[in-house]
Amino acid sequence: MGRKNVGEMVVVLVTLLHIWLVCVTASSLGNINNYEEHLRRNLLANGLGKTPPMGWNSWNHFSCQIDEKIIRQTADALVSTGLSKLGYTYVNIDDCWAELNRDNKGNLVGKKSTFPSGIKALADYVHSKGLKLGIYSDAGYFTCSKKMPGSLGHEFQDAKTFASWGIDYLKYDNCNNDGSNSTVRYPVMTRALAKAGRPIFFSLCEWGQMYPALWGAKVGNSWRTTNDINDSWESMISRADLNEVYAEHARPGGWNDPDMLEVGNGGMTKNEYIVHFSLWAISKAPLLLGCDVRNVTKETMEIVSNKEVIAVNQDLLGVQAKKVRMEGDAEIWAGPLSGYRVAVVFLNRGPQKHIDITANWNDIGIPPKTVVQARDLWEHKTLKTPFVNKLRATVESHACKMYVLKPVA
Ligand SMILES: *[C@@H]1O[C@H](CO)[C@@H](O)[C@H](O)[C@H]1NC(C)=O
Ligand SMILES: *[C@@H]1O[C@H](CO)[C@@H](O)[C@H](O)[C@H]1NC(C)=O
Ligand SMILES: *[C@@H]1O[C@H](CO)[C@@H](O)[C@H](O)[C@H]1NC(C)=O
């Protein structure tokens, strides 16, 4: 082998070593790298949604009966209750905020009778409280209520209008469209928002029709995986199930969305609402309150202000939990957290008064024989004994237990 060949060989080896190092580094950086990858692949690349969005939306409690006073008072209440400090910062207006007719330049206008000060003034008010304003439109000719126009064919103009008002979040619905594919209609708004001159969180609401988990990450920051939730156990638990199927596709910058919270609206028991909040948190779902936060009960506050459960949702690793074990009505949902910790929900979905549920380390991704400390997130207690190989819990009907498991060094 000549000197020149040796030299080339060295170059090749160094190059191979470099490639190997890049691969190893990339895989060990895990989700930090995923986030950068996400930004590269996302047409919006708005840098938003590094953790699931938190805030409030008007629909579940008020449907179309909204006005600027309710939105302002809700912003006030998010601050005065301390909820905004816990991360609930988006104040999102849903359907029915605009006049049915655009102005003579084709712009959307706030409904004069209910939003007389205009949306820009509302955004200024909400921003002055340290919060963000979200708005709603539709990838069709009219929104679902048919009380206001949709943005189909007006995407660039409407995105510009939203940006000029200071809007921070857009929920984009799917009613009354032209029958074309959502995979075609939604990216038009993505491009429009990218050009609008303001980072706007883009929430795709096409109800999971065209499996947006498979393409949503390139188009928006979250995507609905289901039809609308309602304030019942059956609806809530079935949204969670449908959403779980797509767990692999959630990542920082792009989240599966099983729809907004019903906690505090009165249709479920306290334990059922605890299940609702726990499953949304561990599924890295958007935590968008859907109750009247101007008038929340102590019980509702206790649920939605659970810092430890919120911390699971907002963990920077950003990996959605999966069902790892199902036996009749007993289920275990688990997912990894930063710092080699694991979040677990033990769920009794059935009528049986008590079920004993055991999570084996095998099921939940902890190496065998690892000694683990268990923190009960609803009792706010660290269990006295460390655990090896498994953890058992007794769970009441339509209730759950939620833990963070941390290896003991
Ligand atoms: C919608 O688009 C997707 C992806 O391009 C395609 O797989 C699907 O068949 C389309 N569906 C309809 C109803 O056109
Ligand atoms: C709520 O949803 C459930 C399950 O999806 C359905 O059976 C029920 O009829 C709905 N209730 C209302 C009031 O729409
Ligand atoms: C607040 O809630 C109470 C009880 O749930 C109800 O009686 C009252 O009308 C509510 N107030 C407002 C302003 O909604």
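Whatever order the structure lists ligands and atoms in, that order sets their numbers, starting from 1. Below, all heavy atoms of this structure are taken into account, side chains as well, without hydrogens, waters or symmetry copies.
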Self-check item: Under-4.0 Å protein heavy-atom contact, atom 14 (O) of ligand 1
Solution: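 Given the 4.0 Å cut-off, atom 14 (O) of ligand 1 counts as touching protein heavy atoms.
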
Quiz item: Does some non-hydrogen atom of the protein lie less than 4.0 angstrom from atom 7 (O) of ligand 1?
Solution: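 No.
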
Quiz prompt | Taking atom 5 (O) of ligand 2 as the reference point, the nearest protein heavy atom with its distance | solution =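 Answer, as residue, atom name and distance: Arg239 NH2, 3.8 Å.
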
Quiz item: With respect to atom 11 (N) of ligand 1, which of Val184, Asn181, Leu214 exhibits the smallest heavy-atom separation?
Solution: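 Closest candidate by heavy-atom distance is Asn181.
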
Quiz item: How about Asn256 and Trp223: does a side-chain donor come under 3.5 Å of a side-chain acceptor?
Solution: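 Present: a donor and an acceptor within the cut-off.
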
Exercise. Ignoring hydrogens and angles, state whether a donor on the side chain of Tyr273 or Asn265 is under 3.5 Å from an acceptor on the partner side chain.
Key: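 No, no side-chain donor-acceptor pair sits under 3.5 Å.
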
Quiz item: Which atoms of ligand 2 have any heavy atom of Ser232 under 4.0 Å away?
Solution: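 Checking each atom against Ser232, I get 1 (C).
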
Practice problem: Inspect the contact between Glu206 and Arg185 and indicate whether a charged nitrogen and a carboxylate oxygen are less than 4.0 angstrom apart. | Solution: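 Salt bridge absent between Arg185 and Glu206.
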
Quiz item: Thinking salt bridges, do Asp241 and Arg349 make one under a 4.0 Å N-O criterion?
Solution: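 Arg349 and Asp241: salt-bridged.
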
Quiz item: Relative to each other, are the rings of Phe202 and Tyr172 parallel, tilted or perpendicular (30° and 60° limits)?
Solution: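 Rings of Phe202 and Tyr172: tilted, as their planes differ by 30° to 60°.
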
Quiz item: When only distance counts, is Asn230 in polar contact with ligand 2, meaning an N/O pair under 3.5 Å?
Solution: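 Yes, there is a polar N/O contact under 3.5 Å.
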
Exercise. With heavy atoms only and a cut-off of under 4.0 Å, state how Met236 meets ligand 2: side chain, backbone, both or neither.
Key: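 Neither; no heavy atom under 4.0 Å.
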
Quiz item: Picking from Lys69, Arg294, Lys129, what satisfies salt bridge (Lys or Arg N to Asp or Glu O under 4.0 Å) with Asp76?
Solution: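 Among Lys69, Arg294, Lys129, the one meeting salt bridge (Lys or Arg N to Asp or Glu O under 4.0 Å) with Asp76 is Lys129.
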
